[in-house]
Colleague: 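Quick one: this structure, given as structure tokens, is what I'll be asking you about.
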Amino acid sequence: MSSSEGRTLGVAGTRAAVRASMAADGMGCLAPVALVGTIVVIVIVGGLLVLLAPLVALILISTDGGSHNGAAPGPDAVVSVSRSEGKGELDAHTVQKASPVR
């Protein structure tokens with residue numbers, strides 16, 4: 001291998017490195033745009049979740065926690081349960097039986 005061939009390979013390798021660094025530098029200017037876009041999406045999704053959380057809570061309360069085994073409890077029953085703080089007698093038929101462990 002002659003000295004001119006070695007210089008040619010070195011120049012080609014340098015050109016590729018320069019081109020790669022220029023491409024990476026060009027992509028660096030898009031990073032702030034991507035960051036702002038990500039922050040905007042997070043704020044919008046988070047805001048929707050905060051706004052819809054009370055609605056989801058009301059749906060879960062009014063539908064007996066998601067079980068569809070009968071009629072939903074009335075508003076008086078929901079208020080009395082929330083104010084009872086777990087005091088009083090336990091109605092055994094309202095508690096689901098645990099499935100046996102296999």
Colleague: Is there a chain of hydrophobic side chains (I, L, V, M, F, W, Y, each step under 4.5 Å between heavy atoms) that links Val41 to Leu49?
Modeller: yes
Colleague: Are Val36 and Ile44 connected in the hydrophobic side-chain network, where two residues link if heavy atoms are under 4.5 Å apart?
Modeller: yes
Colleague: Which residues satisfy the side-chain contact (heavy atoms from CB on, under 4.5 Å) test with Val78, sequence neighbours excluded?
Modeller: Ile61, Pro73
Colleague: Should Val43 and Leu51 be counted in the same cluster of Ile, Leu, Val, Met, Phe, Trp and Tyr side chains packed under 4.5 Å apart?
Modeller: no
Colleague: To the nearest 0.5 Å, what is the distance between OG1 on Thr38 and CD1 on Ile42?
Modeller: 6.5 Å
